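Shown next, in structure tokens, is the structure this report addresses.
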Amino acid sequence: MSSVIDVRDLRTHIVTRWGTIKAVDGVSFALGEAETLGLVGESGSGKSMTCLSLVRLVPRPAARIVGGEVRLDGEDLLAKSDAEMQQIRGRKVAMILQDPMSSLNPVFSIGMQMREPLAMYHRLRGAAVTARAAELLAAVRIPSPETRLRAFPHQLSGGMRQRVVGAMAIAGPPRLLIADEPTTSLDLTIQAQYLGLLKELQQRHRFAMIFVTHNLGIVARTCDRVAVMYAGRIVEIGPVRRIFTEPAHPYTRALLESIPRFGARRERLTAIAGQPPDLASLGAGCAFAPRCPAAFERCATAPSETAIAPGHATRCWLHARA
Amino acid sequence: MLGRESNGALLAVENLTKHFVVRRGALGWSTGVVRAVDAVSFDIPAGSTLGLVGESGCGKTTTSKLILALETPTAGSIRFEGREVSALDREGRRAYRRAVQAVFQDPYASLDPRMRVGAVIAEPLVINADLDAAGRRRRVAELLDVVGLPERAATLYPHEFSGGQRQRIAIARALALSPKLVVLDEPVSALDVSIRAQILNLLVELQQRLGVSYLFIAHDLAAVAHMSRTIAVMYLGKIVEIGDADAIALEPKHPYTKALFAAALPIDLDRPREEITLSGEVPSPLAPPSGCRFHPRCPFAMPHCATEEPALRPESGRLVACHLY
């Protein structure tokens with residue numbers, strides 16, 4: 001099966017006063033139709049910067065994509081002109097961000113904001129635009145969509161706003177949907193509704209989905225595969241079930257063990273020692289080594305990716321072939 | 001311990017109620033009443049943890065503010081070590097405020113960026129404790145040690161610390177006056193996943209060592225279940241279920257608790273789970289539904305749920321407010 005999105009050795013650097021930060025440092029993965037990849041990691045691990053690099057929205061001029069390939073249905077996005085990229089962002093790749101208010105303009109009605117991209121990318125005019133906007137709102141199960149088109153963002157609840165953002169995202173319909181912590185600002189029961197809605201939309205439109213989150217529970221429920229990021233690199237990638245039952249990288253294992261579980265009452269949680277790494281002062285070796293209980297001499301040089309099972313790979317000397 | 005009641009309840013809350021009057025327009029006429037907390041009762045025994053869960057707007061934070069004496073209750077009573085808090089004299093209220101401390105969600109907002117960490121932790125001591133400068137320095141060093149930070153930290157500023165370390169500083173400040181109860185309002189949700197376990201472990205360890213009680217408020221249900229002996233679930237200002245933490249986490253009874261725990265997404269792939277996804281959103285607390293406040297969203301609602309408000313009744317070792325039982 002050919003992949004919808006194929007990322008190879010993507011590198012994004014940020015130039016700061018303290019030196020160059022390798023925010024994305026050789027990230028590779030591929031995703032097929034209707035497949036979901038969970039991208040997990042702590043703040044600063046490069047999850048969001050990876051997503052922004054895919055759509056070439058890294059904050060310039062400080063951040064620059066310095067290498068790699070991003071192929072969407074075979075076409076290299078890094079070779080496109082800015083105008084072509086804008087068309088692609090409008091139709092083929094959609095994003096849902098954590099805070100719906102950062103995607104919605106508070107001074108325009110929902111209808112105004114939904115009509116603009118529909119007119120621009122789909123060349124719809126007049127009543128057809130409004131009809132299509134209402135149809136999209138109905139698709140994300142917003143009750144009485146025609147009335148809602150006249151509402152302003154502040155008149156809607158957080159869950160409703162995020163549904164509006166979802167409606168705009170599926171207008172394409174997209175080939176790839178990037179959801180960056182889409183439910184973090186929502187209440188638990190609303191979060192469950194929204195995750196269900198995203199899966200349903202994915203079934204209907206068959207888009208590939210990248211789901212950025214630090215919540216492993218969401219990964220367990222919604223993703224097919226998971227990539228664990230640490231200090232700009234994917235340290236482990238594989239099918240969800242493999243990663244949850246047989247994690248290979250010590251960081252993945254530690255993350256899974258540090259989370260409280262229902263019914264497994266223990267006095268102490270297994271904590272990960274130390275602090276998240278400072279990207280500006282990373283050494284040459286494995287970035288996790290200073291916090292790793294299994295670190296040994298070889299960790300002073302960076303491990304490359306090793307496949308340990310079909311679709312399951314890790315960057316760790318413990319699994320490297322001699 | 002000295003001065004504690006023999007029945008063990010350090011804090012006893014009974015029928016605690018807080019109404020906010022909503023005023024609109026130039027004349028400030030009252031246009032409605034929000035029953036933010038409505039006849040809530042619970043106990044926190046000495047050295048124990050009560051977990052308070054529920055979605056935004058359910059009254060968790062108002063409850064914690066009432067306990068911290070930052071808000072005055074409309075009705076009901078808060079008894080601390082057997083004494084009614086609202087009846088305390090000036091000196092008694094000061095003592096109460098010393099004995100009840102708080103740690104908030106965001107350690108980036110709760111620490112003054114222009115104060116050195118030593119001064120941050122010493123501030124409550126300056127106001128409330130009879131210590132000279134040298135005595136305060138000793139106490140600060142002791143507190144830093146208790147929360148696992150080096151003594152040197154006292155001379156640095158908050159921005160020189162990571163999120164997890166800042167939360168340790170906030171915990172040290174809360175412990176400065178040897179409180180008996182600490183309100184933990186989302187103490188780990190602003191922290192990185194790999195750091196949360198460190199802070200939760202620290203809190204458990206401090207409780208065992210100092211015998212302090214916690215009121216633990218959080219969205220992360222697995223963390224609440226891990227930390228608490230008792231869990232209280234709130235919905236629109238009411239407690240709908242309260243009881244033993246393990247019993248509620250593993251076998252929730254109230255349909256809302258069931259939905260909440262079903263939505264909590266545990267990471268165990270094979271754990272059998274009841275799939276309940278609620279439709280709709282939390283109604284406005286300005287106009288809560290009649291009868292059982294949960295009935296418009298409840299998958300098991302019966303006709304009389306809309307008219308009769310269920311009381312908390314014992315069911316399988318906990319209290320549940322639902323007509324199903």
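Keep in mind that what you see is a predicted model, and the values were worked out from it rather than measured. Letters A, B, ... mirror the listed sequences (proteins, then strands); counts begin at 1.
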Residue pair [X] / [Y], side-chain heavy-atom distance below 4.5 Å:
X	Y	result
B:Arg297	A:Thr189	yes
A:Pro260	B:Arg196	no
A:Met160	B:Glu281	yes
B:Leu221	A:Leu188	yes

Considering residues, nucleotides and ligands other than [X], do more than 12 of their heavy atoms fall under 6.0 Å from its [atom1]?
X	atom1	value
A:Lys22	NZ	no
B:Arg152	CZ	no
A:Arg253	CZ	yes
B:Glu151	CD	no

- Heavy-atom nearest pair, A:Ala271 first then B:Ala197, reads CA-CB, 3.8 Å
- Item | Least distance between heavy atoms, A:Glu42 atom then B:Ser194 atom |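 In terms of heavy atoms, the two residues are closest at OE1-OG, 2.7 Å.
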Contact origin within [X] toward chain A - heavy atom pairs under 4.5 Å:
X	result
B:Leu278	both
B:Ile199	neither
B:Val204	side chain

- Contact leader toward chain B among A:Arg291, A:His214, A:Gln193, where contacts are heavy-atom pairs under 4.5 Å: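 Most pairs with chain B among the choices: A:Gln193.
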- Checked A:Pro276, A:Gly44, A:Gly41, A:Gly159 vs chain B; the most non-hydrogen pairs under 4.5 Å come from A:Pro276
- Item | Part of A:Ala254 lying under 4.5 Å from any heavy atom of chain B |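 When you check distances to chain B, no heavy atom of A:Ala254 falls under 4.5 Å.
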- Task: Mark yes or no for whether B:Asn201, through its side chain, and A:Arg268, through its backbone, hold a donor-acceptor pair below 3.5 Å.
- Result: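 A pair under 3.5 Å: no.
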- Message: For the CD1 atom of A:Ile259 and the CG atom of B:Leu200, what is their distance to the nearest 0.5 Å?
- Response: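 Atom-to-atom, A:Ile259:CD1 and B:Leu200:CG are 11.5 Å apart.
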- Looking at OG1 of A:Thr184 and NE2 of B:His219, how far apart are the two atoms once the value is rounded to the nearest 0.5 Å? 11.5 Å
- Message: If you apply the rule side chain to side chain contact (heavy atoms under 4.5 Å, CB included), what do you find for B:Gln198 with A:Ser258, and how did you get there?
- Response: CA-CA 9 Å; B:Gln198 286 180 11; A:Ser258 75; over 6 Å; no
- Taking only residues two or more places apart in sequence or in another chain, which ones pass side chain to side chain donor-acceptor pair (under 3.5 Å) with A:Glu146?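 For A:Glu146 there are no side chain to side chain donor-acceptor pair (under 3.5 Å) partners, ignoring immediate neighbours.
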- Message: Restricting to salt bridge (Lys or Arg N to Asp or Glu O under 4.0 Å), what partner residues turn up for A:Arg233, sequence neighbours left out?
- Response: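 Here the qualifying residues are A:Asp25.
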- Query: Under 4.5 Å, heavy atom to heavy atom, which residues of residues 159-169 of chain B contact chain A?
  - Reply: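 Only B:Ser162, B:Gln165 of residues 159-169 of chain B have a heavy atom under 4.5 Å from chain A.
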- Looking at residues at least two apart in the chain, or sitting in another chain, which of them share a ring pair (Phe, Tyr, Trp, His ring centres under 6.0 Å) with B:Tyr256? B:Tyr235, B:Phe294
